[in-house]
Amino acid sequence: MEKIKMITPLVEMDGDEMTRILWKMIKDELLIPFIDLKTEYYDLGLEYREQTKDQVTFDSAYATKKYGVAVKCATITPNAARVKEYNLSQMWKSPNGTIRAILDGTVFRAPILVKGLEPYVPTWTKPITIARHAYGDVYRAVEMKVPTAGKAELVFTDKDGNESRETIHEFDGPGIIQGMHNIDKSIESFARSCFNFALDTKQDLWFATKDTISKKYDHNFKDIFQEIFDAEYKDRFDAAGIEYFYTLIDDAVARVIRSEGGYIWACKNYDGDVMSDMIATAYGSLAMMTSVLVSPEGNYEYEAAHGTVQRHYYKHLKGETTSTNSVATIFAWTGALNKRGELDNLPELCDFAKKLEKATIDTIESGHMTKDLALMTKLDNVTVETSESFIKAIRANLEAML
């Protein structure tokens, strides 16, 4: 068959460890044979981030603003052990944090539902979508080690040179300090993204923070959401028959566990990171979740929401067989290709993306799956596939569809 044409390139952000291996397999087996694939490539592997002093991460984000659609592989956010392992000059910041700070917007994450994989929470019969704010908080925090006794202050100097001060703590010995920030413009964009997504998908929207403890920082999020909802969205929500409400994060967790699903749960940046992992795991696997960052300007960055599968990578380096789940990475590609097709009016590209998703789900539902899914499936006669044979099985189903 003739390869499907593309007009505008995707921004392709390569990654680290086992997901980098899967990335190449997916391209070689599931994309390049069928698509005249156009990408602008950025290597976000830790070695090249070190080589470019992390400039490549910034360049990839600016390219996303230029082209509108990106697809990203999982990457390492180095800790002290990684600095030593990779001989880094410094502990580079999270690539996702850097990219999200430049693009702003909201990350929407939802489980990929497959027959035979039952949620650990029996009442969950519908998917729960996490809407995660993609700017600021701990991901853009400034940190300091306190070496000795002293006074720590929070100081703001306005454009006219006037200072405001708040005492953080009177230290009587060593300790640590962290300073976080956010901006009203980004919170407003977050709120509108959530309200619009709820209207588009006809789902209730929940928003949760800890405003009883964080009476200025978290309360600001709560107030902005409510003000925008009352002024711009209340009548539209009423007409659509959907609901918006705010609750404390601990109350939200209790409600979520008792719910049937089928709504959007909006969270601040860190809360969304943790809760999306909890939701994904409870539905089956971290590798069974879609993730897309939507910016206020209408830029889209699709990614796998999980890590680089370090343990499997070390097995791979030893020549051992791995059975690594590539579904979330495949769906990152299909999401990006589908959006590129929508924006460029290429229905055949959209159709291909949808068929690749169906081929992936059909492969699992036919009993061919990676080990993580085989350990939890209710299906009989399951075949545990290797990382490579799973992708090849998907290709066979895809070719049959095409």
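Given the structure is predicted, the values throughout are model-derived calculations rather than measurements. Index from 1, following the sequence. What's counted below: heavy atoms across the whole structure, side chains too, no hydrogens, waters or symmetry copies.
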Under 3.5 Å side-chain donor-acceptor pair for Tyr67 and Asn299: no
Given side-chain hydrogen bond (donor to acceptor under 3.5 Å, both in side chains), test Ser387 with Thr322 step by step and report yes or no. CA-CA 6 Å; Ser387 304; Thr322 64; 2.6 Å; yes
Say whether Gln310 and Thr308, considering side chains only, have a donor N or O and an acceptor N or O under 3.5 Å apart. no
Where do Ala336 and Val71 come nearest, in terms of heavy atoms and distance? CB-CB, 3.9 Å
According to the salt bridge (charged side-chain N to carboxylate O under 4.0 Å, His left out) rule, which pairs have a member within residues 242-258, sequence neighbours left out? Lys210-Asp250, Asp251-Arg255
Does a donor on one side chain sit under 3.5 Å from an acceptor on the other, for Thr370 and Asp372? yes
Show the numbers, then the answer: is there a salt bridge (charged side-chain N to carboxylate O under 4.0 Å, His left out) between Lys126 and Glu260? CA-CA 6 Å; Lys126 303 173 185 176; Glu260 66 175 7; 3.1 Å; yes
Any ion pair linking Asp230 and Lys234 (charged N to carboxylate O, less than 4.0 Å)? no
Would you please name every residue forming a salt bridge (charged side-chain N to carboxylate O under 4.0 Å, His left out) with Glu342, sequence neighbours left out? Lys339
Can you pull the salt bridge (charged side-chain N to carboxylate O under 4.0 Å, His left out) pairs that have at least one residue in residues 313-334, sequence neighbours excluded? none
Is Arg340 salt-bridged to Asp344, going by a charged N under 4.0 Å from an acidic O? yes
Taking atom types as modelled, is there a side-chain donor on His312 or Thr324 under 3.5 Å from an acceptor on the other? yes
What orientation do Phe58 and Tyr62 show, parallel under 30°, tilted 30 to 60°, or perpendicular over 60°? tilted
Could you tell me whether the side chain of Glu303 reaches within less than 4.5 Å of the side chain of Ser291, counting heavy atoms only? yes
Side-chain contact test, heavy atoms from C-beta onward, threshold under 4.5 Å: evaluate it for Phe34 versus Lys3 and give yes or no. no
Parallel under 30°, tilted from 30 to 60°, perpendicular over 60°: which one fits the rings of Tyr300 and Tyr302? parallel
Given the options Lys392, Lys371, His368, Glu385 meets side-chain hydrogen bond (donor to acceptor under 3.5 Å, both in side chains) only with His368
For the pair Thr57 (side chain) and Pro95 (backbone), establish whether a donor and an acceptor sit closer than 3.5 Å, ignoring hydrogens and angles. no
Any residue meeting ring pair (Phe, Tyr, Trp, His ring centres under 6.0 Å) with Tyr42, in chain and number order, not counting sequence neighbours: none
Would you call the rings of Tyr263 and Trp206 parallel, tilted or perpendicular, taking 30° and 60° as the class edges? parallel
Candidate pair Asp16 and Arg20, rule salt bridge (charged side-chain N to carboxylate O under 4.0 Å, His left out), full reasoning: CA-CA 5 Å; Asp16 287 300; Arg20 187 182 181 97; 5.4 Å; no
Are the charged groups of Lys268 and Asp218 less than 4.0 angstrom apart, N to O? yes
side-chain contact (heavy atoms from CB on, under 4.5 Å) filter on Val155, not counting sequence neighbours, yields Glu153, Thr157, Glu163, Arg165
Salt bridge or not for Asp28 and Lys24, using N-O below 4.0 Å? yes
Find out whether Asn338 and Leu349 are in side-chain contact, i.e. whether some heavy atom of one side chain is under 4.5 Å from a heavy atom of the other. no
Pair Thr363-Asn397, side-chain donor/acceptor within less than 3.5 Å: yes
Inspect the contact between Asp211 and Lys216 and indicate whether a charged nitrogen and a carboxylate oxygen are less than 4.0 angstrom apart. no
salt_bridge(Glu17, Arg82) N-O dist < 4.0 Å: yes
ring-ring contact (aromatic ring centres under 6.0 Å, His included) contacts touching residues 107-144 (sequence neighbours left out): Phe108-Phe197, Trp124-Tyr283, His133-Phe190, His133-Phe221, Tyr135-His181
Salt bridge or not for Asp104 and Arg100, using N-O below 4.0 Å? no
Thr386 and Ser389: side chain donor to acceptor below 3.5 Å: yes
Pair Lys72 + Glu12: basic N to acidic O under 4.0 Å: no
Residues Glu357, Thr334; criterion side-chain hydrogen bond (donor to acceptor under 3.5 Å, both in side chains); working and verdict: CA-CA 7 Å; Glu357 289 183 357; Thr334 57; 2.7 Å; yes
Can you confirm if the aromatic rings of Tyr244 and Phe195 lie within a centre distance of less than 6.0 Å? yes
